[in-house]
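In what follows, a single structure is set out as structure tokens and then discussed.
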Amino acid sequence: MENPLERILWTFQNLRAVQLTANFGKFPSIMSIFSSLRFGPHIEKLKIQVIRPEVETGNDDAIDQDILDAVIYDDMFANLKHVSVDRPKYLPNDMWFMKFLLSKAGLLEYFFVSFNHGEETKAYVEGCKELAMCEKASPEAMLILRPRDKPTPNL
């Protein structure tokens, strides 16, 4: 499972902000985000646009914790201050990823999520509860949660 970004990203040592597109249902997509953080050790601002197929198949890749334990180091999140995740769904991989980042980024100032659910949906309410209750490495981190139909602030 070689990640093609690893050959490229070593040149981005001074990168401070990164904007990525990811499908949290595919393990290589999740790994590309971690590769960006690993090879961009000074990234402070991470913006992720979540993409999903039009029709959900329910065939999301399982999160392989053994592989993640081998490639993820706490210092990968050392400088991360601002995270924005646009259009995640209340699905296991999406929620796992967001909770994982919240639990690792010790200097996090804000974590903005614009869900791909309307304000009145059960998925939006449950997603907000789950993120609000999860462990956070930075007690000062401001968690900002919005439904899809509210405008996204310019962060």
Side-chain angles (χ1 to χ4, degrees), residues 3 16-38 40-155:
N3 186 337
R16 298 280 188 253
V18 66
Q19 184 170 343
L20 304 168
T21 301
N23 177 346
F24 291 143
K26 300 299 173 197
F27 194 67
S29 191
I30 293 171
M31 290 302 295
S32 70
I33 296 169
F34 292 135
S35 292
S36 297
L37 292 170
R38 180 172 158 202
H42 302 290
I43 292 175
E44 296 177 355
K45 191 174 190 178
L46 173 64
K47 185 172 185 172
I48 301 169
Q49 171 75 41
V50 179
I51 56 169
R52 287 284 187 160
E54 289 291 323
V55 178
E56 288 293 330
T57 61
N59 293 331
D60 282 1
D61 294 346
I63 301 294
D64 190 328
Q65 196 62 47
D66 291 334
I67 291 175
L68 290 176
D69 289 343
V71 298
I72 294 177
Y73 307 97
D74 286 343
D75 65 346
M76 289 171 49
F77 312 96
N79 293 308
L80 204 54
K81 294 180 182 176
H82 305 148
V83 175
S84 176
V85 183
D86 190 36
R87 302 187 69 78
K89 292 187 174 183
Y90 183 64
L91 294 170
N93 285 8
D94 297 44
M95 296 304 295
W96 175 87
F97 181 83
M98 292 184 288
K99 292 188 303 185
F100 183 79
L101 274 186
L102 281 166
S103 73
K104 296 292 184 183
L107 295 179
L108 196 64
E109 294 172 2
Y110 75 79
F111 194 92
F112 176 81
V113 179
S114 178
F115 278 100
N116 193 21
H117 301 289
E119 193 168 15
E120 293 82 29
T121 63
K122 181 178 180 180
Y124 173 72
V125 172
E126 292 300 317
C128 289
K129 281 183 195 175
E130 197 169 319
L131 289 176
M133 299 300 293
C134 79
E135 173 189 349
K136 295 170 190 66
S138 173
E140 294 84 28
M142 184 182 332
L143 184 60
I144 305 164
L145 306 170
R146 298 242 168 106
R148 73 169 168 232
D149 43 2
K150 297 271 179 159
T152 303
N154 188 10
L155 302 176

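Just so it is clear, the model here is predicted, and its values are computed rather than measured.
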Out of curiosity, [X] [atom1] to [Y] [atom2], how far, rounded to the nearest 0.5 Å?
| X | Y | atom1 | atom2 | value |
| --- | --- | --- | --- | --- |
| Leu101 | Leu80 | CG | CG | 6.5 Å |
| Ile43 | Lys81 | CD1 | NZ | 13.5 Å |
| Phe77 | Phe34 | CZ | CZ | 5.0 Å |
| Phe27 | Ile63 | CZ | CD1 | 6.0 Å |
| Met98 | Ser103 | CE | OG | 13.0 Å |
| Leu131 | Phe111 | CG | CZ | 6.5 Å |

Going by side chain to side chain contact (heavy atoms under 4.5 Å, CB included), name the residues that satisfy it together with Asp75, two or more places apart in sequence or in a different chain. Tyr73
Residues in side chain to side chain contact (heavy atoms under 4.5 Å, CB included) contact with Leu20, at least two apart in sequence or another chain: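 Listed in chain order: Val18, Ile33, Ser36, Leu46.
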Under the ring-ring contact (aromatic ring centres under 6.0 Å, His included) test, residues paired with Phe115 that sit two or more places apart: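 Here the qualifying residues are Tyr124.
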Just jot down the ring-ring contact (aromatic ring centres under 6.0 Å, His included) partners of His82, sequence neighbours excluded, or say none.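 Partners of His82 under the ring-ring contact (aromatic ring centres under 6.0 Å, His included) test: Tyr110.
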Nearest non-hydrogen partners of [X] and [Y], listed with the distance:
| X | Y | result |
| --- | --- | --- |
| Thr121 | His117 | OG1-CB, 3.3 Å |
| Gly118 | Pro147 | C-CB, 3.8 Å |
| Leu143 | Lys136 | CD2-CE, 4.1 Å |
| Val113 | Pro88 | CG1-CG, 3.6 Å |
| Val83 | Leu108 | CG2-CD1, 3.7 Å |
| Gly106 | Ser138 | O-CB, 3.3 Å |

Salt bridge (charged side-chain N to carboxylate O under 4.0 Å, His left out): which pairs involve residues 91-103, sequence neighbours left out?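 Of all non-adjacent pairs touching residues 91-103, those that pass salt bridge (charged side-chain N to carboxylate O under 4.0 Å, His left out) are Arg52-Asp94, Lys99-Glu130.
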For Gln49 and Arg87: C-alpha separation, side-chain torsions, deciding distance, then whether side chain to side chain contact (heavy atoms under 4.5 Å, CB included) applies. CA-CA 7 Å; Gln49 171 75 41; Arg87 302 187 69 78; 3.6 Å; yes
Listed by chain and number, what are the salt bridge (Lys or Arg N to Asp or Glu O under 4.0 Å) partners of Lys104, not counting sequence neighbours? Asp74
Out of Ile51, Asn93, Ile30, Val50, which one pairs with Asn23 under the side-chain contact (heavy atoms from CB on, under 4.5 Å) rule? Ile51
Please lay out, stage by stage, how Phe112 and Arg146 fare under the test side chain to side chain contact (heavy atoms under 4.5 Å, CB included). CA-CA 8 Å; Phe112 176 81; Arg146 298 242 168 106; 3.7 Å; yes
N/O donor-acceptor pair under 3.5 Å between Asp86 side chain and Lys47 backbone: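 Side chain of Asp86 to backbone of Lys47: no pair is present.
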